[in-house]
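The structure appears right after this line, and notes come after that.
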Protein chains: 4
Amino acid sequence: MTDTQAAFAQIAPLLEGQAIELPSWAFGNSGTRFKVFGTAGTPRSVEEKIADAATVHRFTGLAPTVALHIPWDLVDDFGALRTFATDHGVELGTINSNTFQDDDYKFGALTHVDPKIRQKAIDHHFECIDVMNATGSRDLKIWLAEGSNYPGQADLRGRQDRLAESLATIYDRIGEEQRLVLEYKFFEPAFYHTDVPDWGTSYAQVSALGERALVCLDTGHHAPGTNIEFITMQLLRLGKLGSFDFNSRFYADDDLIVGAADPFQLFRILFEVIRGGGYGPANPESEVAFMLDQCHNVEDKIPGQIRSVLNVQEMTARALLVDRDALAAAQEAGDVLGANEVFMDAFQTDVRADLAAWREERGLPAHPMKAYAASGHQQEIEAARVGGTQLSWN
Amino acid sequence: MTDTQAAFAQIAPLLEGQAIELPSWAFGNSGTRFKVFGTAGTPRSVEEKIADAATVHRFTGLAPTVALHIPWDLVDDFGALRTFATDHGVELGTINSNTFQDDDYKFGALTHVDPKIRQKAIDHHFECIDVMNATGSRDLKIWLAEGSNYPGQADLRGRQDRLAESLATIYDRIGEEQRLVLEYKFFEPAFYHTDVPDWGTSYAQVSALGERALVCLDTGHHAPGTNIEFITMQLLRLGKLGSFDFNSRFYADDDLIVGAADPFQLFRILFEVIRGGGYGPANPESEVAFMLDQCHNVEDKIPGQIRSVLNVQEMTARALLVDRDALAAAQEAGDVLGANEVFMDAFQTDVRADLAAWREERGLPAHPMKAYAASGHQQEIEAARVGGTQLSWN
Amino acid sequence: MTDTQAAFAQIAPLLEGQAIELPSWAFGNSGTRFKVFGTAGTPRSVEEKIADAATVHRFTGLAPTVALHIPWDLVDDFGALRTFATDHGVELGTINSNTFQDDDYKFGALTHVDPKIRQKAIDHHFECIDVMNATGSRDLKIWLAEGSNYPGQADLRGRQDRLAESLATIYDRIGEEQRLVLEYKFFEPAFYHTDVPDWGTSYAQVSALGERALVCLDTGHHAPGTNIEFITMQLLRLGKLGSFDFNSRFYADDDLIVGAADPFQLFRILFEVIRGGGYGPANPESEVAFMLDQCHNVEDKIPGQIRSVLNVQEMTARALLVDRDALAAAQEAGDVLGANEVFMDAFQTDVRADLAAWREERGLPAHPMKAYAASGHQQEIEAARVGGTQLSWN
Amino acid sequence: MTDTQAAFAQIAPLLEGQAIELPSWAFGNSGTRFKVFGTAGTPRSVEEKIADAATVHRFTGLAPTVALHIPWDLVDDFGALRTFATDHGVELGTINSNTFQDDDYKFGALTHVDPKIRQKAIDHHFECIDVMNATGSRDLKIWLAEGSNYPGQADLRGRQDRLAESLATIYDRIGEEQRLVLEYKFFEPAFYHTDVPDWGTSYAQVSALGERALVCLDTGHHAPGTNIEFITMQLLRLGKLGSFDFNSRFYADDDLIVGAADPFQLFRILFEVIRGGGYGPANPESEVAFMLDQCHNVEDKIPGQIRSVLNVQEMTARALLVDRDALAAAQEAGDVLGANEVFMDAFQTDVRADLAAWREERGLPAHPMKAYAASGHQQEIEAARVGGTQLSWN
């Protein structure tokens, strides 16, 4: 047994039970404002999206739940959908609302100056809560695509006050076991101001609501140079980290595979999650949810999601490998290079062979990417899913 | 006559003949990857787009030409289109190619690894040159939306070499009086690497082609913090500035009204244009073209373009007001605050009243925005343009 | 009377009493890590710095107080210093602590892992409070230059907890009429993590302390692209905006003259201050302090400060000129271009002539920059201040 | 033999002869504008700096040369210094000029408006060439710390023209076997404009000089989000990449240990170096120089440099491990995830054990960091170097 294997054996139990929720919309077509490229085998129904998510789980054991997006995933019978999911080996998870694709919301939804449009947006969230009740979902996730494009266009302060009021109305409606999770985003689709642009705003808004209102940290939603692991630490410290939306970015887009742009950053974030008690398998009291929120423009969708959850798993394993005692000792001694080396030792450890063995022990494919490629599943769905309309963001 | 009026009188002749080309696509619907909001009165045909551009010119006297985008603006008879334009008081201008909306171009066009796809993209540019010959256009503008999303996905070097070869083939085809203008863009729609991401790359590529190959500087296409007036200066110095695509941005998007995000930056850019001999009315030998390249997501399109050309005109007037002798004297004396004050004096001068008077002398509306609003034209086109399919980016 | 003059007459009363505190260190030499250029006439004593600040106030009427920096401005007898200041026409203002220039603080001060060093840093703040009691200062401003340079070097969470504890101890010591104001800064001098890097962290920390603990917003301390007026709005809304440190920057440095890099941004910030009730002359209940925090590397110091306070005054005047009723009407109507135009109308109004007249009515020089240049004062101090050691950041 | 060991054995010969030049100034004290923390054992003479560099080489075998900085490293007898270096097992390398620490250069040196100051700066470079002749150095590296802080302060165009003229005069003086290498830097110490801010400017300037004028790419000198491996590719393609200054940064500072902030980026850069024929051991015709340019503010200096060259070596090994055939096949097939996986496989391979064995075979310590710590050398120099003045940036 090598040193690495011995170290891995120590942390292996903490990999048990890791869960990363998949977004249903990852399996539909998506792209940029310039072009959406379609791909063969793309789902034509909510059920096909859930089947794809279940496929990811079958090959990885990492993705037991699927997030839905309303109205994209609206069905007549959510009870039946829940059964369909369970039959495929996954559960329905977070419900995401959508206030950015209705003409009425051109100038805002929960923040709109017109009370009728605000009420419409609130009602949409009530509908989402109804769906949650039907699906047994815990979390209502709100990403506000609201803002303005030009200085003067909007009254920043008035919108913030109206947002607080709208959120309070929605929060009142969620059940005792449910949570409201408010995502922030630096910019886009609004290009001058965004109503919830940073963690501070999300934190201030959810703190005003109550205990079951929390912040969602999307790793792709920050200004250049932002230290995201610091925010992770701070939100955990303040007891307000509800969930992660994982993805990555080089510039401003936020839809690349998590860990693809800066694997070291993902490692640092996961280290802070563990350090702060936010990693469930190490701290059963934690209720921090891990989710993906990324879309696949040019790469295949099912293997893209497999790659993504594996990246999170690999970096979680590396982060668990950090020798915390040695790290603390070096930190306390002011040994800058020593502390950094302890930290980097874990990051540079190649855990892939150990993880492959770990998977095999659990009846999972040692190499999920290769296993998926070899399974013929992609060819099957490409052949089967002919006709109908491929789903995308609508 | 106030001091400002006297100073304005000095520079007024240099405002004569200022021309800012409008993009036909500014009049269609556009938006973000999340949603395109339609607006009443949006054109359903190329002719209606040209008519709208002509309206902007009629109210401002600043926009005598319209850029076309192929295939968006493909018509059967470009001779007839040219006549239509002339009849409406404008000319057809730059021809823009499009290599980002065909499924074959998912992984590149002029850079594609497959010679057949490269040839298809080259042929598309030959078709654009045919259009130029029919429309009498001088400039073929190439914006390459090509790149990759993930490290390893593409061979950066091979693509650059293939790009050079493809461009050489296209350049060989343009006429003696025509120019190839290569735009660069920091990122989007590719999110890891872009094949022409910066002015250096565009400069190196066009320098290899020949004298009639030049760089297009789009003001919204730079990394955060980039000093755009410096690049303006440098390209003029190197004799390689072909044209401007004007627009503005706060973060990463590049489609806001020029001057809306940072009017002082627009002033500084225009100052360097004038300083470097790139401003036509002050230097008839200059062939630097001014164009808008911006789309209107939430604001009205015709007045959005009116506002834009006015912003360029106002900042041009201010930049012309800089007391160049006083500035040089302060610069030479190492008088930092004095030099800055000379510069800022011009920027802070409110030229709007003088420009209004200048317009009236020329038979133009003193206040084009107000005049357009009062004209009832918007209501007319909203009433008239019912039925059919509103145009957007396709 | 022109329209501009009439509009100015309306807002003129609100310019009365505007006060912008000057930092004593602005009058010493400063520079970059590469080189500090000295200039003739630089103060050799705290008294000379205060005299220079008083000169700025004499020429502008805008800078009635001077902020001190401990230990840079430590004197034996603060009572005498106070009298000296009063005799020169200014008052002593905010006391700034310094925990970044002692060898003990290499790895932190209020956050240090060693309780002895934390206590030393706390004691330093107690000393600052003693100074405040002697000078009659209201505000203790804390900028924490603390952080780490390498991942793993420091325990982010532990430092945050220790910071909370240290701040609580300091807060307990300030008097009923005193305030603790916590500044945040994106980065520098630490280059991996900073303990108070954003408004959210400062807000969370001061909220835990109590009512008299507030946030200081330094306009140069944000990630690229950050919407600073939004933060201004939010902190005012939350009742936690204590003060501004004004300066400007193009890239990452934060020591340029306020308004020099992006005058439109300064306008937008000041508009939100007024909108949110933070501007004292318009809302006597406001306790938001305006300060400069900028150093002059290559420009002359006294005129650099004159230029700075004038820039704030000019942009305040423009921001006051916004037609709030017309703006609200356009905003409510969803008239994007109309609302933006109302906003820009104020920004583009040249208020300099009106301000010159306004100053003359109050016995101030119409043109403070010219008046200072003509006064011979600079030559006087250059001649007088020979010998001794010019002050800088130590 | 594991797969990794077998793969490593293949590339091991290409690690032979890797050379990374050390900067003499890395061994002196450095810091930020706020504070320079001194450390025990810091050199008091040029000889002690060279001895420290030789120590790094002794423990790593990677750093056979030392770059000098004039005037910081000016000695009376460079022949003697050369002998001193050789006796310690290293050679003298690149000569760096300095035009940022003389009062005359406050407003520029090679770009200055005053011909006398320009000549002084040119003469300084002549002196550097004299040093090169005495030391046998190949490269004259010029980093221009020149620029301006305020719009209007300087005539951007005039400065660029004067720069071209000054550089031409210097270039004429270098010998047939010598090279002029021009570094670019996004900003700092100038904060509005920098005279050589980007690779395009450096490329345009050196292209005008001649074949032996090349660009230096400092990895820390770019705008946020810049794709540095793309620039590496482009400069190699254009035949104009002279050297690297390695370091890293999270925000805007550029002096962290190379590979510390984003190891994946370092991997990508080294991959492009190898791909483009710039890596000497794989392409003996390459003349691309590898250097460090980083300073150690809070970490120990000798181990800081050891860590740095090891980071470059480790990432070089990983970059060499990329299966180029498999990568090309996946790229040509448009297999995005497959190509990315080939690329990431190499990055994620832990080469440390193999490198340790490789070192031992060559008589080097398996673990240079541990070996240095165990050697007692640090304690020795701390004890020996008492008294005198520790060197820093002057």
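Convention: sequence-line order gives letters A, B, ...; per-chain numbering from 1.
- Heavy-atom distances place the side chain of C:T39, and not its backbone, under 4.5 Å from chain D.
- The contact between D:P224 and chain C is made entirely by side chain atoms (from C-beta outward), counting heavy-atom distances below 4.5 Å.
- Between C:D102 and D:K35, none of the side-chain N atoms (NZ, or NE/NH1/NH2) sits under 4.0 Å from a carboxylate O, so this pair counts as no salt bridge.
- Between D:F34 and C:W143, the ring-plane angle classifies as tilted under the 30° and 60° cut-offs.
- Under the 3.5 Å distance criterion, the side-chain polar atoms of C:Y150 are left unmatched by any main-chain donor or acceptor of D:E299.
- Between D:R33 and C:T32, the shortest heavy-atom contact is CB-C, 4.0 Å.
- Taking every heavy atom of both residues into account, C:F37 and D:F100 meet most closely at CZ-O, 4.2 Å.
- The two atoms that bring D:N149 and C:V298 nearest to each other are ND2-CG2, 3.9 Å, heavy atoms only.
- Checked against C:Y251 for a ring pair (Phe, Tyr, Trp, His ring centres under 6.0 Å), the options D:F187, D:F191, D:Y251 give a single hit: D:F187.
- Taking the six-membered ring where tryptophan is involved, the planes of D:Y192 and C:F250 are tilted, since the angle between them lies from 30° to 60°.
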